[in-house]
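One structure is given below, encoded as structure tokens.
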Amino acid sequence: MKNRAFLSQVDSSISKTNLKEHARAVFILHDQLNLDAWPSWIREEKPLLIFLESAEKGKELPHHKKKAIYVLSSMRHFALECAEAGFPVHYHSTKAHFDEGLDTLLSKNQNMKLTYMKPSEWDIRERLQSVRAKFIDRVKEIPNNFFLADPEEYKDRVKDGWLMEYFYREMRRKSGYLMNGDQPEGGEWNYDEQNREKLPKDHPVPEIVETAPDAVTEEVIEMVETWYEESFGESDDFSYAVTRRQALYRLNEFIEERLDEFGPYEDAMVHGNYELFHSKLSMYLNNGLILPKEVCDKAEQAYKQGKARLNSVEGFIRQIIGWREYVRVYYEAMMPEVRETNHFGFNNKLPEMYWTGETKMNCMSECLKPVIEEGYSHHIPRLMVLSNFSNLTETDPRELNRWFHLAYIDAYEWVVLPNVLGMSTFADGGVLASKPYVSSGNYINKMSDYCKHCKYKISKKTGEDACPFNYLYWNFIDKQRETFTKNGRANFMVNMFDKKSDEDKKEIMECSDKFIKSLGRM
């Protein structure tokens, strides 16, 4: 397919760049799309910038079609912006992987010296290191500057079980965000207790602006439907930002319209509304269109100007300098062995509903629909519904990890793997999370209005019409009692189960066994 709209946006400089004229080149990956994070000499000297679209990389997983569209369109727009800013640009679409494309390029251009930034993902890193080993005098790797924390400083402590809360406090002290000298603003390090409110009925929620696809994006949509016809999700109605300017508009819109109420309702879930007061900025952070520092700067400024309450701003900044940075350090500390971790030894395939969205459980349907349609849901559906259900139905956590990686538009292995195998499924046995994150239907009912629209009854604990989360939860507690007994924060749940009558225990086991066996899996 010819990239007509893509190439016509500049004076054909991308397609006609003479590579032999350039002795110095920089390879830019699809998640490094911001020259402000690169060394200043690149902006000053304007070396040749190399971009590679790898069909092979895209086919490693059947990524959500909107994820493929977002990645490819963002990279193409960034390459066009670089060309318009005076950079010589070589943009090449190949069926091969990145390392093969660079190998060919360097072999054909013997005088070229190449610089690349350390990839955030393990497999790409390994591939580029093989190129570096082959062209040892001509290829240089530089540190990844799209994050705030240096993994080497923290990864030994994280590997030994150093909790995110203490990492976060150190990051607050280092960055100075929401600090009064050496004390946290307001006297507390976090305000989670204020951030667990259910959204009141008819409470107004601002809409998030949509971005109409331009000719370049329309072309990418057509290409994705051709290249990845069998991939997960839908490509219809693509409306995400694909340029830095558009992403900054989304950031400013969030700060002005939703940050103030983000905190109180960040854990809330509402039938038919999948965004609420969440920023939906993670995809733009994770490929570099916006940078973590500028996001935190704007949030803190909103607090200082009285535009956003402290608990909202603190909770938002914690997601970035705390959780986001922490899981990246965890990834560096635990790879590659952590990929195969499976503490509970579950081996069931993922329930079929994760692929189709078809289920009588309204909470699961509501949480799966935006993933299938948009490649998105906020953190509570991910953790307390989709991951919770996977664990309670004894699903292999590696299967869930794979699905999260391919299903979400903001998904990269460095962030998905810690969140799924470390946090939500406890597959690493407690290195990252202090307890297994499982719950009955009571939590979902407390934080959402899903249960009132469901065919199952939240008030019933066992039986055909009982909420499956209710009996599945106690079944899990019983079967995994060794893990819970050893955990000081959760051992009381085993004691509560043991106090149930023999009849209740039998019904819990029978209902759970029947339900788990009835699930279609693929």
Side-chain angles (χ1 to χ4, degrees), residues 28-33 51-79 93 97-98 119-124 146 208 210-211 213-214 216-244 246-247 250 274-275 278-290 324 350 354-357 367-379 381-382 386 399-417 419-420:
I28 296 181
L29 281 163
H30 55 281
D31 59 352
Q32 299 172 349
L33 307 183
F51 298 84
L52 294 178
E53 284 179 356
S54 168
E56 186 65 29
K57 168 63 178 172
K59 290 178 179 178
E60 288 176 347
L61 280 173
H63 284 288
H64 199 295
K65 290 179 180 178
K66 281 191 170 71
K67 167 72 176 291
I69 294 166
Y70 173 70
V71 167
L72 293 172
S73 182
S74 296
M75 188 160 68
R76 289 184 173 202
H77 279 91
F78 182 65
S93 184
H97 218 299
F98 298 125
S120 60
E121 294 190 287
W122 187 269
D123 286 346
I124 301 176
F146 282 85
I208 294 180
E210 296 184 348
T211 303
D214 62 7
V216 173
T217 301
E218 291 283 5
E219 191 172 74
V220 169
I221 293 171
E222 181 184 350
M223 185 179 77
V224 166
E225 284 292 352
T226 302
W227 277 16
Y228 309 118
E229 184 179 4
E230 302 301 320
S231 287
F232 181 73
E234 303 171 4
S235 63
D236 296 342
D237 302 318
F238 181 88
S239 61
Y240 290 118
V242 292
T243 69
R244 174 164 167 77
Q246 293 169 353
R250 299 279 183 108
Y274 315 121
E275 299 161 339
H278 287 265
S279 71
K280 292 187 73 175
L281 296 175
S282 55
M283 69 189 78
Y284 310 124
L285 281 163
N286 289 356
N287 76 339
L289 292 187
I290 54 178
R324 185 175 185 270
L350 198 67
Y354 285 75
W355 304 101
T356 66
C367 292
L368 286 165
K369 182 179 179 182
V371 183
I372 294 171
E373 293 180 355
E374 301 296 332
Y376 171 79
S377 66
H378 71 73
H379 67 283
R382 299 191 202 201
L386 300 178
E399 291 286 319
L400 182 68
N401 181 58
R402 179 177 181 273
W403 181 81
F404 265 84
H405 195 176
L406 67 87
Y408 280 90
I409 198 167
D410 58 2
Y412 297 85
E413 188 184 45
W414 66 266
V415 65
V416 167
L417 183 150
N419 273 292
V420 176

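Every value quoted in this text rests on a predicted model; they were computed, and no experiment measured them. Here, residue 1 is the first one in the sequence, and each next residue gets the next number.
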Heavy-atom pair with the smallest gap, counting every atom of His63 and Ser231: O-CB, 3.2 Å
Shortest non-hydrogen separation from Leu29 to Leu33 and the atoms involved: O-CD2, 3.4 Å
Distance-only donor-acceptor check, side chains Ser377 and Tyr408, under 3.5 Å: yes
Non-hydrogen side-chain atoms of Ile372 and Phe232 separated by less than 4.5 Å: yes
Distance in Å, Asn419 CG paired with Trp414 CH2, rounded so as to fall on 0.5 Å steps: 9.0 Å
Separation between OG1 of Thr217 and CD1 of Ile69, rounded to the nearest 0.5 Å: 8.5 Å
Contact summary for Phe404 and Ala411, nearest pair of heavy atoms: O-CB, 3.6 Å
Main-chain N/O of Glu413 paired to Glu121 side chain as donor or acceptor, under 3.5 Å: yes
Residue of the set His64, Glu222, Glu225 for which side chain to side chain donor-acceptor pair (under 3.5 Å) holds with Ser235: Glu225
Atom pair CD (Glu218) and OG (Ser73), whose distance is rounded to the nearest 0.5 Å: 9.5 Å
Approximate separation, where rounding is to 0.5 Å, of Ile124 CD1 and His30 NE2: 4.5 Å
Nearest-0.5 Å distance that lies between atom CG in Asp410 and atom OH in Tyr284: 10.5 Å
Side chain proximity check, Glu399 to Tyr354, heavy atoms < 4.5 angstrom: no
Distance-only side-chain donor-acceptor flag, Ser282 / Arg324, under 3.5 Å: no
Passing candidate, side chain to side chain contact (heavy atoms under 4.5 Å, CB included) with Ile409, options Lys280, Glu374, Lys67: Lys67
For Leu417 against Asn401, the heavy-atom pair lying closest together: CA-OD1, 3.3 Å
Any side-chain heavy-atom pair of Asn286 and Asp31 under 4.5 Å: no
